[in-house]
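Working notes for the structure below.
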Amino acid sequence: MSEEVDRHILEHYDIKKRIGKGAYGIVWKAIDRRNGEICALKKIFDAFRNTTDAQRTYREVFFLTKFSSHQNIVRLLNVVRADNHRDLYLLFEYMDTDLHQAIRAGILAEIHRAYIMYQLMNATSYLHSGNVIHRDYKPSNVLLNAECFVKVADFGLARSLIQIPPSQSGSHGNTVDTNSEPLMTEYVATRWYRAPEILLSSNKYTKGVDMWSLGCILAEMMTHKPLFSGSSSLNMISLISSALPPPTPSDVTSLQSPYAQSTLEHSRSKQKRPLCDMLPDSCPPAVDLVEQLMRWSPDKRLSALHALSHSYLSRFYDGDELIDIQTDILPDITDDVILSVSEYRDRLYSDIKLANQDRIEKRVKTEESTHSLRATPPLRNFTNVQDKTEDPLFAIKSTPVLLRGSYSPRTVTKVPPPPPAGKPSIFPKQLLSPGAGIRHSDSQLALQAKNQSYGVISRTDMKQLFKKPF
Ligand SMILES: Nc1ncnc2c1ncn2[C@@H]1O[C@H](COP(=O)(O)OP(=O)(O)OP(=O)(O)O)[C@@H](O)[C@H]1O
């Protein structure tokens, strides 16, 4: 991995320091020289090395572009190609840290944990309403700032759930057949946060895989260490078996794995250390939420929408912030179509170019309609992406643009809180604490109220995080 940054990037961005490194690239803190904005620059190495990587890159940009306007999803600002046509640069809004580091630093109080979980559920219910699953929830993919605002990152594994003919889908329709996925073994979420059905090589994915991972994250926030840090898939199953009540026959069936029966039979131990014992000193509603998320059967796990009404999170929730996409978000290159590396790359370049042109047209139209044509910037500022000598930046910028794909214009609707599911006692009447003043219809007010009521993560605590070398 070359840590060098292309000259045309350096011309536009002043690189400050390295802030993260993942399997696919390096992330730096940078300043946009044109407006002084702080941003995060991610260099994806060999973004189009093989079809799997090219498909991953294509999906990552597609989903980020589609979801970036949600307040709890990291905003993609720019996509810039590299000189070598192999790497790719993504520019994001900058966040102070990630949840992995915040957990390790031990700076999260109970109220922060709950608020983080609430925002994660909010983002997840948004993704799931578009029938998309993230598939790689883990603390390092949850970005955080000192105000305790959460942004979900890393959409490299995100998938639409509606890419397969109904005949192949599972009993609930909202599933993905992983048989269509090339090199699936390289293509699954981090083991410790993987749902049992994935560990058991099920060929059906559901929204439940994200809900399981969110349960792991909440538990990790409570205990400061990963809940199940198994050394292999089998070891993971054995750790999970000793914490969960034994699966019922219908649970086993719902895992939709040819290995479920024999593996679970084999590792069926008595529940040695139930989840609640693994989460000592935690507040009961938090433990209850973990238990409702971490169930053998994906169908029995709480949905993101219902989790928002759970007694642990309901203090933040009044339904006003909830966004239902009301349409399926689906890249137009479906998973059963495998393109060549150069086709994925060209498609990505041209989609960005189209999106950019669309943005320019909209801008020109707006300016025409306001009789300010003289103010229209010269189009050479938004040159064809092929000609990067003039302007290599694909300026996605503030207007969220939609890449090609199957979608209708973003129609968002506020939906009322879902009816309580499960035992009524788990969903007591939701009361906002008097004086807390949390109303989500105005996020600024809500933030103020939350900060006043609960306190932000202190800047000093945040600074401690950055002392740690990456
Ligand atoms: N917008 C951002 N602001 C601040 N830090 C960020 C930002 N985006 C990413 N990071 C940091 O960089 C790390 C790696 O980012 P990211 O997960 O996108 O890379 P990746 O190569 O896809 O990682 P993975 O190995 O999880 O697939 C994150 O865990 C986080 O610490």
Side-chain angles (χ1 to χ4, degrees), residues 1-3 5 13 15-32 37-49 52-65 67-68 70-80 87-105 107 116 119-120 123 134-159 183 186-194 210 213 216-217 220 226 396 457 462-470:
M1 281 192 190
S2 158
E3 292 202 21
V5 178
Y13 297 97
I15 308 288
K16 288 300 179 195
K17 63 171 180 176
R18 197 171 98 171
I19 49 174
K21 187 170 181 210
Y24 295 89
I26 292 190
V27 183
W28 293 272
K29 181 178 183 178
I31 312 266
D32 187 331
E37 251 176 53
I38 303 177
C39 52
L41 170 71
K42 176 173 173 176
K43 179 179 180 182
I44 307 180
F45 294 102
D46 249 341
F48 309 98
R49 177 176 34 198
T52 309
D53 286 351
Q55 194 182 40
R56 179 190 164 106
T57 304
Y58 181 83
R59 282 190 195 139
E60 176 162 19
V61 174
F62 175 84
F63 286 119
L64 274 167
T65 312
F67 293 124
S68 245
H70 190 273
Q71 60 179 349
N72 296 123
I73 293 174
V74 70
R75 183 175 282 270
L76 177 67
L77 304 171
N78 263 343
V79 182
V80 189
D87 307 328
L88 192 71
Y89 294 94
L90 306 186
L91 273 302
F92 295 96
E93 66 180 309
Y94 174 77
M95 296 291 284
D96 292 322
T97 189
D98 65 54
L99 185 56
H100 172 73
Q101 296 179 61
I103 290 173
R104 239 174 20 168
I107 57 171
I116 288 167
Q119 293 174 85
L120 281 173
H134 184 279
R135 295 204 310 170
D136 199 13
Y137 274 143
K138 58 183 173 182
S140 61
N141 284 341
V142 175
L143 305 177
L144 206 57
N145 71 10
E147 282 73 43
C148 204
F149 267 163
V150 160
K151 307 263 180 179
V152 171
D154 199 350
F155 281 73
L157 292 187
R159 287 282 298 271
L183 297 175
E186 291 176 22
Y187 218 83
V188 286
T190 312
R191 187 191 306 121
W192 296 346
Y193 306 91
R194 260 182 235 165
D210 284 343
S213 309
C216 296
I217 291 176
E220 188 167 332
I396 289 176
I457 302 173
M462 270 299 167
K463 277 191 193 133
Q464 292 300 327
L465 292 178
F466 301 119
K467 286 189 178 155
K468 178 195 72 67
F470 285 100

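Ligands are counted one by one from 1 in listed order, and the atoms in each one are counted from 1 as well.
- By the 3.5 Å distance cut-off applied to N or O atoms, Leu143 is not counted among the residues near ligand 1.
- Taking any N or O of Ala40, backbone or side chain, none lies under 3.5 Å from an N or O belonging to ligand 1.
- Both tests hold for Lys29 against Tyr94: distance to the six-membered ring centre under 6.0 Å, angle to the ring axis within 45°.
- With a 4.0 Å cut-off on non-hydrogen atoms, Phe92 touches ligand 1 through its side chain and not its backbone.
- With 3.5 Å as the limit, one finds no donor-acceptor pair spanning the side chains of Tyr24 and Glu60.
- Within ligand 1, the atoms closer than 4.0 Å to a non-hydrogen atom of Ile19 are 4 (C), 5 (N), numbered from 1 in the order shown.
- The closest heavy-atom contact to atom 22 (O) of ligand 1, among the options Asp154, Ile44, Leu157, comes from Asp154.
- Between Glu60 and ligand 1, a contact under 3.5 Å exists for no N or O pair.
- At least one heavy atom of Gly25 sits closer than 4.0 Å to an atom of ligand 1.
- At distances below 3.5 Å, at least one donor-acceptor pair connects side-chain atoms of Asn141 with backbone N or O atoms of Asp136.
- With Asp210 contributing its side chain and His134 its backbone, the two residues share a donor-acceptor pair below 3.5 Å.
- For Arg135 (side chain) and Leu157 (main-chain N/O), a donor-acceptor pair under 3.5 Å exists by modelled atom type.
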Apply side chain to side chain contact (heavy atoms under 4.5 Å, CB included) to Lys43 and Leu41, showing your working.
CA-CA 7 Å; Lys43 179 179 180 182; Leu41 170 71; 5.7 Å; no
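- Using modelled atom types, one finds a donor on one side chain and an acceptor on the other under 3.5 Å when comparing Tyr13 with Asn78.
- Annotation for ligand 1: atoms under 4.0 Å from non-hydrogen atoms of Met95 are 3 (N), 4 (C).
- In this structure, Arg56 is part of the shell of residues with a heavy atom less than 4.0 angstrom from ligand 1.
- Evaluated by nearest non-hydrogen atom to atom 19 (O) of ligand 1, the leading choice among Lys43, Gln101, Lys42, Lys138 is Lys42.
- Using a cutoff of 4.0 Å between basic side-chain nitrogens and carboxylate oxygens, Asp154 and Arg56 are scored as salt-bridged.
- Of all the atoms in ligand 1, the ones that sit under 4.0 Å from a non-hydrogen atom of Asn141 are 17 (O), 26 (O).
- With hydrogens and angles ignored, the 3.5 Å screen pairs no side-chain donor or acceptor of Asp87 with any backbone N or O of Phe45.
- Counting atoms of ligand 1 from 1 in the listed order, those under 4.0 Å from a heavy atom of Tyr24 are 21 (O), 27 (O).
- Backbone and side-chain nitrogen or oxygen atoms of Lys21 are examined, and none is located within less than 3.5 angstrom of a nitrogen or oxygen of ligand 1.
- Checked by distance only, ligand 1 and Asp136 stay at 3.5 Å or farther apart across all their nitrogen or oxygen atoms.
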